[in-house]
Amino acid sequence: MKPEKIRDFTDFQYNVFEEIKKIPKGQTISYKQLAEKIGRPRAYRAVANACGKNPEPGIIPCHRVVRSNGDIGGYSLKGGVNKKRKLLKTENKNYLG
DNA sequence: ACGAAACCCTGGG
DNA sequence: CCCAGGGTTTCGT
């Protein structure tokens, strides 16, 4: 059956979003790094999904989350990776795009 | 460098 | 209850 939904997202996602929101401006981390932060180093997949769900767009800077290699990865929100690159460039000029 | 498999979570039928 | 997907990651060749 479906898991108990706290709000629009589960406990797992809640932790993910909290960590993402804690990401300092101009700073980017990988999905795996974030997964480790929430205590699920093997849940890098779910982390990416959580961002994809993004229950609160604009509040969750999922664009700050990139691949382990530092690559942009992707972007589910409007604008696509194009918007994501722009945001990363704006926040972190040192970002390699 | 490229290709394929793995692992964890969520949503729909 | 069962199946499939996803913005990744890692190993093997």
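All chains are named by letter (A, B, ...) in the order of the sequence lines, taking the proteins before the strands, and each is independently numbered beginning at 1.
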Atom CG of A:Asn54 to atom C1' of C:dG6: distance rounded to whole Å?
14 Å
Per the 3.5 Å Watson-Crick/G-U criterion and a run length of at least three, the stems involving DNA chain B are B:1-6 with C:8-13, B:8-13 with C:1-6
How would you label the contact of A:Ala43 with the nucleic acid (heavy atoms, under 4.0 Å): base, sugar-phosphate, or nothing?
sugar-phosphate
How about A:Val16 and A:Ile60: do any of their side-chain heavy atoms sit closer than 4.5 Å?
no
Pairwise side-chain contact, A:Ile59 with A:Phe17, heavy-atom cut-off 4.5 Å (strictly under)
no
Throw together a table of side-chain donor-acceptor distances under 3.5 angstrom for residues 25-54 of chain A, partners on residues two or more places apart or in other chains.
| from | atom 1 | to | atom 2 | distance (Å) |
| --- | --- | --- | --- | --- |
| A:Ser30 | OG | A:Gln33 | N | 3.2 |

Looking only at heavy atoms, which two atoms of A:Cys62 and A:Ile20 are closest? And how far apart?
N-CG2, 4.2 Å
Pairs under 3.5 angstrom, nitrogen or oxygen only, protein versus nucleotides 3-5 of chain C, please.
| from | atom 1 | to | atom 2 | distance (Å) |
| --- | --- | --- | --- | --- |
| C:dG5 | N2 | A:Asn49 | ND2 | 3.1 |

What is the distance from CG of A:Asn15 to P of B:dC9, rounded to the nearest Å?
12 Å
Whole-Å distance between B:dC8 P and A:Glu36 CD?
14 Å
If the condition is side chain to side chain donor-acceptor pair (under 3.5 Å), which residues does A:Glu18 pass it with, not counting sequence neighbours?
A:Lys21
For the student: nearest non-hydrogen atoms of A:Ile72 and A:Val81, plus distance:
CD1-O, 3.5 Å
If the condition is side-chain contact (heavy atoms from CB on, under 4.5 Å), which residues does A:Leu87 pass it with, not counting sequence neighbours?
A:His63, A:Tyr75, A:Lys83
Nucleotide N/O of nucleotides 9-13 of chain C paired with protein N/O under 3.5 Å:
| from | atom 1 | to | atom 2 | distance (Å) |
| --- | --- | --- | --- | --- |
| C:dT9 | OP1 | A:Ser68 | N | 3.0 |
| C:dT9 | OP2 | A:Ser68 | N | 3.1 |
| C:dT10 | OP1 | A:Lys32 | NZ | 2.5 |

